[in-house]
Amino acid sequence: ISARRQAEIALLESEWKFRNIIEACPLGIHIYTLREDGQLIFSGYNPAANAILGIDHQEHLGKLITEAFPNLAGSETVLRYTEIARNGGRWKDEQLIYSDNQISGAFEVHAFQTIHKHVAAMFSDITARIKTSNALHQSEEKFSRAFLISPDSINLNRLSDGVYIDINQGFTRLMGYTRDEVIGKSS
């Protein structure tokens with residue numbers, strides 16, 4: 001009896017430990033169960049999932065994945081989750097774009113099998129990072145266009161040794177040197 005009781009206590013402690021990890025994890029977690037008919041059922045989530053997506057996941061429990069998240073219907077995501085639940089493995093999507101009447105954003109997703117016929121998907125919202133990256137790219141394009149087509153002579157040199165890093169058309173017109181003749185040489 002004492003060995004049995006110790007095993008029960010160890011099992012409860014293990015369950016408590018993993019439940020605390022899931023509850024405290026800053027990444028959103030969705031858990032799906034594969035039914036015998038091959039359909040994925042939304043079967044669990046953590047508090048971070050509610051915070052990240054801004055919805056109450058409780059109302060989605062027991063629904064098909066495509067009922068809980070309708071815009072995933074026919075997507076690679078559902079196919080991958082199903083495959084993982086059935087056969088194991090891992091899958092990562094670095095930029096899953098999702099939008100419906102409640103949720104909108106870009107997400108980095110990591111999915112893996114927890115036990116046979118169960119898959120967990122951990123995700124983070126990368127919408128702000130994508131927007132920042134796009135804004136930076138647009139700013140770089142504007143600067144690049146302004147630099148290249150400016151009628152004024154502009155050159156970029158390394159301070160340490162005066163080596164030309166780049167020149168524009170205005171420099172070429174004024175100095176008579178092409179870009180290939182100047183780049184990499186010292187002023």
Side-chain angles (χ1 to χ4, degrees), residues 21-32 40 42 45-57 60 65-66 68-84 89-112 119-187:
I21 290 170
I22 297 294
E23 297 290 318
C25 181
L27 300 173
I29 299 173
H30 285 169
I31 300 170
Y32 299 93
L40 283 174
F42 183 73
Y45 63 96
N46 72 340
N50 281 343
I52 291 169
L53 298 182
I55 63 170
D56 180 5
H57 284 79
H60 296 303
I65 186 173
T66 54
F69 307 102
N71 288 349
L72 289 180
S75 71
E76 178 185 14
T77 303
V78 175
L79 295 173
R80 295 293 187 136
Y81 287 6
T82 303
E83 181 181 310
I84 291 168
R90 298 174 185 273
W91 177 67
K92 176 181 178 183
D93 191 342
E94 294 180 355
Q95 188 175 328
L96 172 70
I97 307 296
Y98 186 87
S99 184
D100 65 21
N101 60 352
Q102 293 181 318
I103 303 166
S104 182
F107 303 92
E108 183 172 344
V109 179
H110 298 262
F112 55 94
V119 62
M122 300 178 84
F123 60 92
S124 60
D125 187 342
I126 59 169
T127 307
R129 183 171 58 182
I130 298 296
K131 286 180 181 178
T132 301
S133 177
N134 288 342
L136 179 60
H137 181 69
Q138 289 174 351
S139 176
E140 287 173 349
E141 281 183 1
K142 286 178 188 177
F143 170 75
S144 180
R145 272 186 270 137
F147 170 78
L148 291 173
I149 64 173
S150 174
D152 296 325
S153 173
I154 304 174
N155 57 284
L156 301 175
N157 295 73
R158 201 166 42 214
L159 283 176
S160 61
D161 56 9
V163 170
Y164 285 99
I165 297 171
D166 206 353
I167 64 168
N168 72 346
Q169 294 171 0
F171 181 93
T172 299
R173 279 193 300 276
L174 181 66
M175 303 303 282
Y177 294 108
T178 67
R179 190 171 189 281
D180 289 340
E181 293 172 322
V182 173
I183 301 302
K185 296 193 172 86
S186 175
S187 56

Verify, without hydrogens or angle tests, whether [X] (side chain) and [Y] (backbone) share a donor-acceptor contact under 3.5 angstrom.
{"X": "N168", "Y": "D152", "result": "yes"}
{"X": "N50", "Y": "H57", "result": "yes"}
{"X": "D166", "Y": "I154", "result": "no"}
{"X": "T127", "Y": "A106", "result": "yes"}
{"X": "S133", "Y": "R129", "result": "no"}
{"X": "S139", "Y": "A135", "result": "no"}

Identify the two heavy atoms, one from [X] and one from [Y], that lie closest to each other, and give their separation to 0.1 Å.
{"X": "I165", "Y": "I183", "value": "O-CD1, 3.4 Å"}
{"X": "R158", "Y": "D161", "value": "NH2-OD2, 2.9 Å"}
{"X": "N46", "Y": "C25", "value": "ND2-O, 3.5 Å"}
{"X": "F123", "Y": "A121", "value": "CD2-O, 3.8 Å"}
{"X": "Y81", "Y": "V119", "value": "O-CG1, 3.9 Å"}
{"X": "L174", "Y": "S153", "value": "CD2-CB, 3.8 Å"}

Exercise for the section: Could you tell me whether E141 atom CD has more than 12 heavy atoms of other residues or ligands within 6.0 Å of it? Expected result: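 Counting neighbours around CD of E141, more than 12 heavy atoms of other residues, nucleotides or ligands fall under 6.0 Å, so yes.
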Practice task
Give a yes or no on whether R90 atom CZ has more than 12 heavy-atom contacts from other residues, nucleotides or ligands under 6.0 Å away.
Solution key: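 Result for CZ/R90: open.
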Rounded to the nearest 0.5 Å, what separation is found between the [atom1] atom of [X] and the [atom2] atom of [Y]?
{"X": "L40", "Y": "L79", "atom1": "CG", "atom2": "CG", "answer": "9.5 Å"}
{"X": "Y45", "Y": "L53", "atom1": "OH", "atom2": "CG", "answer": "12.0 Å"}
{"X": "T77", "Y": "D93", "atom1": "OG1", "atom2": "CG", "answer": "5.5 Å"}

Practice task
Applying side chain to side chain donor-acceptor pair (under 3.5 Å), name anything that partners T178, two or more places apart in sequence or on another chain.
Solution key: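 Testing T178 for side chain to side chain donor-acceptor pair (under 3.5 Å), a comparison that skips the adjacent residues, returns E181.
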Exercise for the section: Classify the angle between the aromatic ring planes of F42 and H30 as parallel (below 30°), tilted (30 to 60°) or perpendicular (above 60°). Expected result: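 Ring orientation, 0 to 90° scale: perpendicular.
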